[in-house]
Amino acid sequence: MLSAETAPRAEGDAPRTIRLHADDNVAIVVNAFGLPAGTVFPDGLTLREFVPQGHKVALADIPEGGHVRRYGEVVGIALRDIAQGTWVEESCVETPTAPALDALEKATRIPAALPPLDGYTFEGFRNPDGSVGTKNILAISTSVQCVTGTLDVAIKRIREELLPRFPNVDDVIGLTHAYGCGVAINAPEAVIPIRTLQSLAKNPNFGGEVMVVGLGCEKLVSERLVPADKGAAEDSVVRLQDERHQGFGSMIDSIMTMAEARLAVLNRRQRETCPASELVVGLQCGGSDAFSGVTANPSLGFAADLLVRCGATVLFSEVTEVRDAIHLLTPRAATPEVADALIREMAWYDDYLEKGGADRRANPSPGNKKGGLNNIVEKALGSVAKSGTSAIAGVLAPGERVRERGLIFAATPASDFVCGTLQLASGITVQVFSTGRGTPYGLAQAPVIKVATRTELSQRWSDLIDLDAGRIATGESTIEEMGWELFQLILDVASGRKRPWSDRWGLYNDLTLFNPAPIT
Ligand code: CA
């Protein structure tokens, strides 16, 4: 593997660090592959040992028990004396305790409304209910895992035999999952997976053309997945155990007949010019590193502010990556009620983790740590940079459909595929995903724009990463420029003018329901 010793820096690659706040006593090393002992920075700081890229160097002596500060916040307690110029690695610091939930400021520093941004549009698919999609997909819901294999066979035939006749339809997909039977369907928390499936079927990218494939004996009755405004629920369900089905071929025929009628309706959808205010954009990060909070996530935050200024809806999520920065968010709540809802979701998750014998310190992955993030506090401070600077207008419980416009906190686990599934249920039509370590993540249901935190990743994965925010660290771009570039890319992708790499390769993760209720 390359290191600072084996891969000397290119000519002109001057040693660089980034310090984020005047109060910080650490900075992160920018140069690819890190910097060796003896490196002297322009301000005179000298490295006493090798420091990997993205990892922290102490800017001053930090005594045992002293605070390690990044983002102007305490990200660790020194477990031993840390000398100026040395590597602040994981074993040097203890994770600070999370902010108490009973003493938070509520709506005390509500940001003033940002100046409106008019005139930005995209080409979207307007639905009868007023929502606007960015894709035109037939999505077939399922009420139980038992039908997945059958539906897969039917979808293969629909793609081959029917889809060519309906050129305005982008794709046909199954909303398959592991829920539906063998579960405590009446347990209090079962509301989350059931609500998620009900909400998923209504995602604006599916045009309101709901159909459900069920088995017949499962606990989650198929009809529960058909929206109340769809007329007789029976007309939208293919149930494999129904006596009219004589063998497998008959089941496939039933699915194809119902799909064909819906494809005919979806085929009439046309893109039309819509104001940017109709966008519902989800923000997520995965495979984060120390640059996430320096380059990519602040760019997402800037773009989030631009979208909010357009009147659009922006969702940020990932409870365990918000928990340690909650004291920075509740003051930004638009009302005390929104702050209370934020606190309610944090408390619910604290309790959920405690029941499982874990806490939020279980979040950072080995890759996060290798990327320079010592602990969840540091990860969280970088993660919430995605939320930009506007007031928090609303809070969604897991799987709830979005109601308000503006910046919304949608409570989800941080797990990439669970967060993706829940944001789709809440109604996102585009997702922006920042990554430092790299992931080929993608969603079939909505386009995903992937933003790299580092130029090295962006170059190595040039056919997977859509935008290189690493240019901020090297000084080639600013957060503002990158934010505008991302905003424009969101409009292009939402319009179908540009396809993100995950769509070009067809890289789609499975839907993964969040089921905190018991399995039986
Ligand atoms: Ca994530």
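In listed order, ligands and their atoms are each counted from 1. The figures that follow rest on heavy atoms only: side chains count, while hydrogens, waters and symmetry mates do not.
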Problem - Considering only N, O or S atoms of Asp416, the one closest to the Ca ion (ligand 1) - result: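 When I compare the N, O and S atoms of Asp416, OD1 is nearest to the Ca ion (ligand 1).
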
Practice task
Starting from the Ca ion (ligand 1), look over the N/O/S atoms of Glu318 and name the nearest one.
Solution key: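 Relative to the Ca ion (ligand 1), the closest nitrogen, oxygen or sulfur of Glu318 carries the name OE2.
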
Practice task
Tell me whether Gly286 has at least one N, O or S atom under 3.0 Å from the Ca ion (ligand 1).
Solution key: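 It does not: Gly286 brings no N, O or S atom closer than 3.0 Å to the Ca ion (ligand 1).
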
Handout entry: Matching residue for Glu90 among His55, Lys369, Lys370 - test: side-chain hydrogen bond (donor to acceptor under 3.5 Å, both in side chains)
Key =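 For Glu90, the side-chain hydrogen bond (donor to acceptor under 3.5 Å, both in side chains) check succeeds only for Lys369.
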
Problem - the Ca ion (ligand 1): angle it makes with OE1 (Gln284) and O (Cys285), nearest 10 degrees - result: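 It comes to 100°.
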
Problem - Ring centre gap for Tyr179 and Phe514 strictly below 6.0 Å - result: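 Tyr179 vs Phe514: aromatic centres not under 6.0 Å.
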
Practice task
Please examine the side chains of Arg70 and Leu381, heavy atoms only from C-beta on, and report whether any two atoms are closer than 4.5 Å.
Solution key: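 No, their side chains stay 4.5 Å or more apart.
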
Practice task
Before giving the answer on side chain to side chain donor-acceptor pair (under 3.5 Å), spell out for Thr429 and Asn205 the whole-Å C-alpha distance, their side-chain angles and the decisive distance to 0.1 Å.
Solution key: CA-CA 6 Å; Thr429 51; Asn205 287 353; 5.0 Å; no

